[in-house]
Number of protein chains: 4
Amino acid sequence: MRVIGVYPPIATPFTDAGALDTAALADNIERWNETGLHGYVVAGSNGESPHLEDEEVAEAVRVARRAANGTQLVIAGTGRQSTAATIGLTRACADAGADVALVMNPSFFPAELTADALARHYEAVAEASPIPILVYNVPKFTHLNIPVPVVARVAQHPNIVGIKDSAGDIGQIIDLLRACPRDFSILLGNAPAFLSGLQVGAVGGVLALANVAPRECVAIYDLLREGSADEATAIQFRLMPVGRAVTAGYGVPGLKAALDLLGYRGGAPRPPLLPLDPARREALRGILVEAGLLV
Amino acid sequence: MRVIGVYPPIATPFTDAGALDTAALADNIERWNETGLHGYVVAGSNGESPHLEDEEVAEAVRVARRAANGTQLVIAGTGRQSTAATIGLTRACADAGADVALVMNPSFFPAELTADALARHYEAVAEASPIPILVYNVPKFTHLNIPVPVVARVAQHPNIVGIKDSAGDIGQIIDLLRACPRDFSILLGNAPAFLSGLQVGAVGGVLALANVAPRECVAIYDLLREGSADEATAIQFRLMPVGRAVTAGYGVPGLKAALDLLGYRGGAPRPPLLPLDPARREALRGILVEAGLLV
Amino acid sequence: MRVIGVYPPIATPFTDAGALDTAALADNIERWNETGLHGYVVAGSNGESPHLEDEEVAEAVRVARRAANGTQLVIAGTGRQSTAATIGLTRACADAGADVALVMNPSFFPAELTADALARHYEAVAEASPIPILVYNVPKFTHLNIPVPVVARVAQHPNIVGIKDSAGDIGQIIDLLRACPRDFSILLGNAPAFLSGLQVGAVGGVLALANVAPRECVAIYDLLREGSADEATAIQFRLMPVGRAVTAGYGVPGLKAALDLLGYRGGAPRPPLLPLDPARREALRGILVEAGLLV
Amino acid sequence: MRVIGVYPPIATPFTDAGALDTAALADNIERWNETGLHGYVVAGSNGESPHLEDEEVAEAVRVARRAANGTQLVIAGTGRQSTAATIGLTRACADAGADVALVMNPSFFPAELTADALARHYEAVAEASPIPILVYNVPKFTHLNIPVPVVARVAQHPNIVGIKDSAGDIGQIIDLLRACPRDFSILLGNAPAFLSGLQVGAVGGVLALANVAPRECVAIYDLLREGSADEATAIQFRLMPVGRAVTAGYGVPGLKAALDLLGYRGGAPRPPLLPLDPARREALRGILVEAGLLV
């Protein structure tokens, strides 16, 4: 299996009572199905993974697998802090129909998470997993950057097939491309670096931005493959403020508010996250209008 | 209820198969019972809380409550990333016999964890909890320092009775003392600042060091109350390298190795943490000998 | 020579044309002479040292030496980025009458400033200096914390007589006291940690706060030596917001504005620093009134 | 004037006595003149600018101007901490023959260096400078990232003609391109992001790597302009370990050691920097050989 293309780490809708809203989730996916996305990441960090119970993650995977097209991959975010809990959730998601697991690294005890400890963790998860594993590096949330040699080591494992790197450091993307086997999938996890990452050899992206601008993200990917770099660059430039807004700028509450504004079902995040306040919601609306995503 | 005195955030022993070792846990507590400790923190960060399932935390609380003296408090670490999960674990620990809950703040989405979001989280947990709440501030692990005004706000809630502050910043301890009601318990969470914190008005400590030097930590506390600052200071100085070693220096693997060396039951940490390697174990032994804790 | 007691790192007044205002500087010192201060630090970081030319530093030292009492020490901030420039400025200040040099560590190339490089730097400066050297550790500005073993190494040099440690970490103060010779002067560089630092054995402080509350800082020092810890603690608590304001809160512009409000000659900082805006000046006035420093 | 192309921030050679070695400097430039470089940056951070006296900077500029080809630009690093000192050095370098000044931002008092303070600083320098100004953003050394809106503001000044951005963040490069006038020169200051920066619209680079691989850096630039992205990418990939080594990996001592190995005149850095130790020098030699720069 080769993981390539564009995947949104989808928002997780909740009911007014705060439970997983499976109907809203299916609705969103059916709408995204028309946009050319190559699949979905369920329960990534933008899906409020740390605020979801294991059963909820598995249920969301089940719903997504049912709602997605047959050609689309369903990728489940299964990283937990302990190796055992990560294995448990990975297996549960495989049972629920996930094609691939995206495994954020443990991060709570940074001083002890040496290169060897990180590599052993990924190798143990890969050994125990019935489905292929993607490494997930996201220093913004984990406060730890997985060293390139660790990725190169675990890339040797037959069940570890790629990495989502959200560090946003184009030099590190090149270092990963140099260090890993050619069939190891390097995916961008950060919209601002998406175009450049593809230009140097990455094969796709897992982008919060693809929740709200799926067609445009797919277009960047397709245009570059067709050799139309100028058109791809123009789209990348136009989307920059949206990419900034739905991650660093306004966080998960902003991502969900943007979905609401665009007719998807976003809704409120789970506490302790608070919904976006009205003033910021208006600012966000302006950014979407400016980028041509909303009229 | 007033939380005062010295509490170790106890290590969590595991069986060879990796399960919670309730017998070893009870053994350790029975031995600590002889040392004058005012109670125990179960499933704190030094107890590998992020690597424990909720059921394991509750079970450890049950064991600790049974093994502890009747006058000792059993404090359960119940902070999870979502408000709902934190409430769930807090209630489970209350049912299991915990006297108090120590609630590490959520930290995954730092930009959205504004002062208001943090305060609402603690207030919601306090509302729902049958037992009193201690705030737990530990920037080393959460990468977020709870602002003093947030603590001052939640200190107004009748069910929030104190804070364990592990920031190690004596100025912040003074700011907390100035900002909070007199009966709000300020507890040091950091051995190097323990003596000084008590000197300015804190009422106790939750110290990894108290796992391995319980009598000495209690002696610092008692001597200061008796007005023997010089003797307390001498002990504080003597213990410095041990305090450094069992937290920053060697982490949880070091804490458990030190317990093994001292005849307690430490054992291996849960993966992804790795046991202390032999060379560092020897260095640690030297530190314990030098401090007079081991012959 | 033993450096003990309370020293303000004095603000550097400028004329309207932006030149060193020697008359204002002398006026300030004459007024401070009545307050019990043990001396002055000229051209410390609060004196805008990085914005002063070498000739200005030497001239300020000359003025301060002339205006100070004979029993007071004049300490010159002489740290520059290169070892040669540091030696040059140290010698110039010695010629100008400085009793001691306070040497901030070089910091521009942090990765190359290894323990050995830092120690050699201090040893070279001490060798070449006609006056004794104080190490100056201020991670807030240098983004580098001088490791305790480096201080312990250079403390062996006969011409290195102490350290101003502004890290604000009481544990590090204890580590320094444990690692350095008894006659090596440990001075606090951070008002919030001043009382606690003295309580564990430090012998004084170089405090921005002592610019605006010299009598109170001296009182904390004197009261602790007389065994009146409670009174000293009360003053420390009362001054906390002022200590926060004149450093972290409002920076050098705030320090100078506070001096203006108190009748000293503060004036505008040197660009790129901007004067405190009126709203913050009013907030600062409130803090001074609240602390009883202004009516 | 439009600053485009490839510029090495050249190392500053010293004599055995530690003085500026003007003959070695001229020798290096004469050799670099054969490589297609578009000019030189004298007294950049890789030129040990913080360890150079103003007179030395001006003298180095004079030497470089004399040794360089008439078509090459000589760019002087003139940023000092105070606005006045920066103006002074900028004027001195203009007098010495510099075509452009590269102005690192002040950074000592980060909290007070607000957007407005930074913009005013650059505008004041630009007003006073007889030669055009390039902004220099290098968070690795300044611990401060100049916000994009500040750059956009100062880009309106007719005497501020571009920026060297060493943050290495491709998203920020795109943001700068979106925010600044089309004739404002965006130059990469970081070798790993060089290719990608050019691909999105930057017009050149100021690269430590161009000291040791000038022809290759120029080739990346030329090949991209000719539409040969694949060949440019191949060179970028091949040079990655060298780019890492001569900056982050081994610092200025490594840059100078690499120059020595390649037959240029590097020599020892100025203390407190220490020369590269023999083991690291051998590792560096291996990296140069591996990249095909040394046989």
Side-chain angles (χ1 to χ4, degrees), chain A residues 139-140 145 147-149 152 165-180 182 186 188-202 205 207-209 220 224 227-230 232-245 247-249 287 290-291, chain D residues 139-140 145 147-149 152 165-180 182 186 188-202 205 207-209 220 224 227-230 232-245 247-249 287 290-291:
Chain A
K140 180 176 73 163
N145 186 46
V148 170
D165 183 4
S166 299
D169 175 351
I170 192 66
Q172 181 160 292
I173 296 294
I174 298 176
D175 286 340
L176 288 169
L177 287 160
R178 293 178 84 256
C180 297
R182 285 194 69 85
I186 313 286
L188 276 294
N190 177 279
F194 182 46
L195 173 87
S196 298
L198 296 177
Q199 286 183 306
V200 295
L207 307 172
L209 179 63
I220 291 172
L224 277 180
S228 303
D230 288 354
T233 303
I235 301 173
Q236 172 77 37
F237 272 53
R238 178 160 58 84
L239 294 181
M240 285 297 289
V242 184
R244 296 286 192 207
T247 55
I287 290 169
E290 178 76 21
Chain D
K140 179 175 74 165
N145 186 46
V148 170
D165 184 3
S166 300
D169 175 352
I170 191 68
Q172 181 159 293
I173 295 295
I174 298 176
D175 286 340
L176 288 169
L177 286 161
R178 292 178 84 256
C180 297
R182 285 195 70 83
I186 313 286
L188 277 293
N190 176 281
F194 182 47
L195 172 88
S196 298
L198 296 177
Q199 286 183 307
V200 295
L207 307 172
L209 179 62
I220 291 173
L224 277 180
S228 304
D230 288 354
T233 304
I235 301 173
Q236 173 77 36
F237 271 54
R238 177 160 59 86
L239 293 181
M240 286 298 289
V242 184
R244 297 285 191 207
T247 55
I287 290 168
E290 178 76 21

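First the proteins, then the strands, lettered A, B, ... as listed; each starts at 1.
When the side-chain contact (heavy atoms from CB on, under 4.5 Å) test is applied to A:Pro147, the partners found at least two apart in sequence or on another chain are A:Leu118, A:Pro149, A:Val150. Residues satisfying the side-chain hydrogen bond (donor to acceptor under 3.5 Å, both in side chains) criterion with D:Asp165, sequence neighbours excluded, are D:Asn137, D:Gln172.
Interface remark: of the candidates A:Pro241, A:Ala167, A:Ala191, A:Pro241 forms the most heavy-atom pairs closer than 4.5 Å to chain D. With chain D as the partner, the residue from A:Val200, A:Asp230, A:Asn190, A:Leu195 showing the most heavy-atom pairs under 4.5 Å is A:Val200. Among A:Asp169, A:Thr233, A:Asp175, the residue making the largest number of heavy-atom pairs under 4.5 Å with chain D is A:Asp175.
Between atom CD1 of residue D:Ile170 and atom CG of residue A:Leu188 there is a gap of 11.0 Å, rounded to the nearest 0.5 Å. Summarising the geometry, atom CZ belonging to A:Phe237 is positioned 5.0 Å from atom CD1 belonging to D:Ile174; distances are rounded to the nearest 0.5 Å.
Heavy-atom distances place no part of A:Ile173 under 4.5 Å from chain D, backbone and side chain included.
D:Pro192 approaches A:Gly171 most closely through the heavy-atom pair CB-CA, 3.6 Å.
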